[in-house]
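Just so it is clear, the model here is predicted, and its values are computed rather than measured. Quick note on labels: first sequence line is chain A, next is B, and so on, each numbered from 1.
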2 protein chains.
Amino acid sequence: MLVRINANSTSAKPPVPRGLSALTGEAALWNDHKYSRGAQIFWEGEPAEYIYQIGDGAARTYKLLSDGRRQIAAFYLPGDIFGVETEELHRFSAEAIIDTTVWIAERHSMFEGPDNGDLAYTKSALELLQQTLQHVQNQLLLLGRQTALERVAYFLLEMDRRLKKPAVIILPMRRRDIADYLGLSLETVSRGLSALRDNGIISVESQRREVILTDRTKLAQIVCGNANH
Amino acid sequence: MLVRINANSTSAKPPVPRGLSALTGEAALWNDHKYSRGAQIFWEGEPAEYIYQIGDGAARTYKLLSDGRRQIAAFYLPGDIFGVETEELHRFSAEAIIDTTVWIAERHSMFEGPDNGDLAYTKSALELLQQTLQHVQNQLLLLGRQTALERVAYFLLEMDRRLKKPAVIILPMRRRDIADYLGLSLETVSRGLSALRDNGIISVESQRREVILTDRTKLAQIVCGNANH
DNA sequence: CGACTCCTTGACAGCGTTCAACAGTAGTGG
DNA sequence: CCACTACTGTTGAACGCTGTCAAGGAGTCG
């Protein structure tokens with residue numbers, strides 16, 4: 001829960017994040033905050049007063065059931081915007097996965113009046129919403145109809161793409177987070193990674209958060225249900 | 001695949017659907033089409049040239065995997081609007097579940113130019129998009145983290161709510177559709193319904209598409225993970 | 001070094017799927 | 001009207017994927 005308002009950033013004055021500027025206007029108030037690992041950023045049901053963009057680090061949004069079952073809706077990586085809602089309340093909780101710097105700007109109310117809205121803003125929000133929708137709709141098929149191995153492969157390819165296909169993928173999240181994202185147990189995630197490793201499709205570094213995709217083609221085939229069994 | 005353009009509607013000239021009028025303008029061209037049971041309305045990947053509203057009947061949108069696994073994204077009931085996309089292409093396929101009348105209107109391009117857009121339209125689209133997003137986000141938790149019985153109970157309550165809590169729920173879809181919506185096998189759906197029936201929570205009519213919810217409270221408890229086992 | 005967290009791996013159980021048989025319903029045509 | 005067929009849904013039995021429980025290894029940090 002350590003939240004520190006960072007008046008004098010350690011880095012040089014950063015550029016206003018492009019995504020946020022479109023959503024808030026150039027002159028909007030914004031700040032960068034630092035959240036330590038595991039810190040809550042906002043809660044489901046809380047008024048959605050701000051919108052957020054990851055500077056460094058990573059965040060997760062999730063829902064909980066009363067008995068503790070958790071479904072992670074999305075991971076957010078540097079540059080990603082989150083917390084944008086069309087209603088007044090947040091529909092998910094959000095936490096920092098690791099120590100994370102977040103740019104925070106005041107949220108525009110989206111439906112203020114008949115012609116009080118800002119078209120550019122609404123369009124930005126629409127684009128963002130549409131991105132979110134696409135992502136979630138892909139998750140549907142994944143969670144509803146794909147096997148454990150297919151889900152793990154999908155996850156690796158998604159991270160690979162979103163991190164711009166680096167030589168080594170450095171995962172900010174733990175196995176438990178991956179499991180709650182994919183609707184699996186953490187053991188099954190671990191077994192999936194081991195299976196891919198044993199088949200020479202990926203290579204897991206000793207730190208276990210670093211993964212190298214040695215055969216993206218085979219990985220993609222697995223996602224599409226063409227595991228060669 | 002029987003599609004008939006219905007120039008002279010059997011019923012009196014129907015009112016322009018409220019949802020569609022906001023999305024197309026009062027003077028927009030529209031028609032009602034009839035789709036027979038199982039008929040394709042549009043395909044995933046097809047240009048999204050129209051938007052649709054159910055008059056009578058029901059429709060399903062879905063994605064397929066190459067090996068035939070299907071995930072149904074949503075069911076559409078009388079009054080529901082579907083097929084609205086923010087991009088140029090449909091992201092799901094759509095079929096009529098039963099013989100269905102659909103109102104069809106031309107789609108506005110959503111991002112035509114810098115200030116060429118229609119704010120009222122964009123707002124309508126935004127609201128619709130937001131509804132869709134909420135629905136899908138609830139599905140995430142359901143598919144990722146809930147048990148078979150919880151999913152079946154959730155489905156019944158969703159249909160109950162959307163059909164305005166009738167005395168008897170008349171389901172337009174088959175067990176297979178419910179299964180593909182909930183990420184289960186059709187046998188498991190059937191067993192879930194039987195279990196609820198045996199516990200006196202629902203009553204299934206002999207036609208098997210008609211269900212009476214005799215204990216909505218218990219049903220809601222099951223959805224939240226409070227099955228008294 | 002010791003305590004802690006995170007991850008892997010194994011053994012086993014259970015939930016849900018698969019396979020199969022059967023029953024009820026609807027549609028068709030004689 | 002009935003026979004025939006196709007389709008849909010239910011139920012049982014066995015299998016198997018994934019979850020649960022448990023032990024141990026590996027890395028981190030005080």
Engineer: If you measure from the Lys or Arg side-chain nitrogens to the Asp or Glu carboxylate oxygens, is any gap between A/R162 and A/D80 under 4.0 Å?
Structural biologist: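 Salt bridge between A/R162 and A/D80, a charged N being under 4.0 Å from a carboxylate O: yes.
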Engineer: Is it true that B/D177 and B/R70 make a salt bridge, defined as a side-chain N closer than 4.0 Å to a carboxylate O?
Structural biologist: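 Looking at B/D177 and B/R70, the cut-off is met.
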Engineer: Please test B/L213 against B/K165 for side-chain contact (heavy atoms from CB on, under 4.5 Å), starting from the C-alpha separation and ending with a verdict.
Structural biologist: CA-CA 9 Å; B/L213 307 190; B/K165 301 185 190 295; over 6 Å; no
Engineer: What bend angle does the helix from C/dC1-D/dG30 to C/dG30-D/dC1 show across its length, from five-pair end axes and to the nearest 10 degrees?
Structural biologist: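 Here the helix ends are tilted 30° relative to one another.
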Engineer: Under a 4.0 Å threshold between the charged nitrogen and the carboxylate oxygen, would B/E85 count as salt-bridged to B/R91?
Structural biologist: no
Engineer: What integer distance in Å separates B/R151:CZ from C/dT17:C1'?
Structural biologist: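 In whole Å, C/dT17 C1' lies 13 Å from B/R151 CZ.
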Engineer: Mind calculating the distance between CD (A/E210) and C1' (C/dC6) to the nearest angstrom?
Structural biologist: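 So the CD-C1' distance, A/E210 to C/dC6, works out to 15 Å.
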Engineer: Looking at B/R107 and B/E49, does any basic side-chain N land under 4.0 Å from a carboxylate oxygen?
Structural biologist: no
Engineer: Please write out each protein N/O paired with an N/O of nucleotides 6-16 of chain D under 3.5 Å, distance rounded to 0.1 Å.
Structural biologist:
from, atom 1, to, atom 2, distance (Å)
D/dT8, OP1, B/R174, NH1, 2.8
D/dG9, OP1, B/R209, NE, 2.8
D/dG9, OP1, B/R209, NH2, 3.4
D/dG9, OP2, B/R175, N, 3.1
D/dT10, OP1, B/R175, NH2, 3.1
D/dT10, OP2, B/R175, NE, 2.8
D/dT10, OP2, B/S190, OG, 2.6
D/dT10, O5', B/S190, OG, 3.0
D/dT11, OP1, B/R197, NH2, 3.3
D/dT11, OP2, B/S194, OG, 2.4
D/dG12, N7, B/R191, NH1, 3.0
D/dG12, O6, B/R191, NH2, 3.2
D/dA13, N6, B/R191, NH2, 3.3

Engineer: When the distance from CD1 of A/I98 to C1' of C/dT5 is rounded to whole Å, what number comes out?
Structural biologist: 16 Å
Engineer: Heavy atoms under 4.0 Å, any strand shown: does B/G192 hit a base, just sugar-phosphate, or nothing?
Structural biologist: nothing
Engineer: Give the rounded distance in Å between these two atoms: CG of B/L142 and P of C/dG16.
Structural biologist: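 To the nearest whole Å, that distance equals 12 Å.
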Engineer: Does the ring center of B/F42 lie less than 6.0 Å from the ring center of B/Y52?
Structural biologist: yes
Engineer: Between atom CG in A/D198 and atom C1' in C/dT9, what is the gap in whole Å?
Structural biologist: 11 Å
Engineer: For A/R37, does the CZ atom have more than 12 heavy-atom neighbours from other residues, nucleotides or ligands under 6.0 Å away?
Structural biologist: no
Engineer: In whole angstroms, how far is the P atom of C/dG16 from the CG atom of A/L143?
Structural biologist: 16 Å
Engineer: How many whole angstroms separate atom CG of A/D67 from atom C1' of D/dT20?
Structural biologist: 15 Å
Engineer: Donor-acceptor check, side chain of B/R145 to backbone of A/R69, threshold 3.5 angstrom: yes or no?
Structural biologist: no
Engineer: Expressed as a whole number of angstroms, how long is the span from A/E150:CD to D/dT18:C1'?
Structural biologist: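 So the two atoms are 14 Å apart, to the nearest Å.
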Engineer: Any side-chain heavy atom of B/P166 within less than 4.5 Å of one from B/D160?
Structural biologist: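 Counting from C-beta outward, B/P166 and B/D160 do come under 4.5 Å.
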